Amino acid sequence: MDVNLTKNEPSPSLNPKTANRDRFELELEFVQALANPFYLHSLAQQNILEQPAFVNFLQYLLYFKEKDYARFIHYPHALHHLELLQHPQFRSQMKKDEFLREYLHQKQFDHWRTW
């Protein structure tokens, strides 16, 4: 699966404000999906986490850690996983290690159970 991140051009019929909102909502939805360790493992298994354009996209998404944007995040683990994905070693481990996936899942469960 080839992830093409350069085609984020707004539709000609959308005004810039609507296009920006649509892009923000799309990026927010993606960042929140990163809270799911099984989704991370799937991305790793498909070699998506190794693509330089995707790694750059993950780095770009760090803006969600800023206060003005973090307030939109419903799943706080998404930001933690986004931070972990900045490290090549973590991306590599996600691909080959189902234990890591299960470990992340258990940590999430424990957090929500005791929160």
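Keep in mind that this is a model prediction, so the values were computed, not measured.
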Q. Can H41 and Q45 be said to form a side chain to side chain contact (heavy atoms under 4.5 Å, CB included), step by step?
A. CA-CA 6 Å; H41 186 72; Q45 290 292 304; 3.5 Å; yes
Quick check: does any side chain N or O of [X] sit under 3.5 Å from a backbone N or O of [Y], one acting as donor and the other as acceptor?
X   : Y   : value
Q46 : S42 : yes
Q59 : Q86 : no
H77 : A35 : no
R23 : N20 : no
N15 : T18 : yes

Q: Starting at CG of L58, measure out to CD of Q51 and round the result to the nearest 0.5 Å.
A: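 Here the rounded value is 10.5 Å.
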Q: Could you grab the distance from atom OH of Y75 to atom CG of L34, nearest 0.5 Å is fine?
A: 13.0 Å
**Q.** Qualifying residue, where the test is side-chain contact (heavy atoms from CB on, under 4.5 Å) with R91 and the options are V55, I48, L43
**A.**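 The single option meeting the side-chain contact (heavy atoms from CB on, under 4.5 Å) with R91 is V55.
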Q. Taking the six-membered ring for Trp, are F57 and F54 parallel (under 30°), tilted (30 to 60°) or perpendicular (over 60°)?
A.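 If you compare the ring of F57 with that of F54, the planes turn out tilted.
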Q. Would you call the rings of Y69 and F64 parallel, tilted or perpendicular, where under 30° means parallel and over 60° means perpendicular?
A.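 Perpendicular, since the angle between the ring planes exceeds 60°.
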Q: State, to 0.1 Å, how close E27 and L61 come at their nearest heavy-atom pair, and which atoms those are.
A: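 Shortest heavy-atom separation between E27 and L61 comes out as CB-CD2, 3.9 Å.
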Q. Can you name the closest pair of heavy atoms from A70 and L79 and give their distance?
A. CB-CD1, 4.1 Å
Q | Non-hydrogen side-chain atoms of L40 and L49 separated by less than 4.5 Å | A |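 They are not in contact (no side-chain heavy atoms under 4.5 Å apart), so the answer is no.
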Q. Can you tell if the side chain of P37 reaches within under 4.5 Å of the side chain of H81, non-hydrogen atoms only?
A.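 Yes, at least one pair of side-chain atoms sits under 4.5 Å.
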**Q.** Ionic contact status for E83 with K65, cut-off 4.0 Å
**A.** yes
Q: Tell me, with the steps shown, if L82 and F30 meet side chain to side chain contact (heavy atoms under 4.5 Å, CB included).
A: CA-CA 10 Å; L82 178 60; F30 175 75; over 6 Å; no
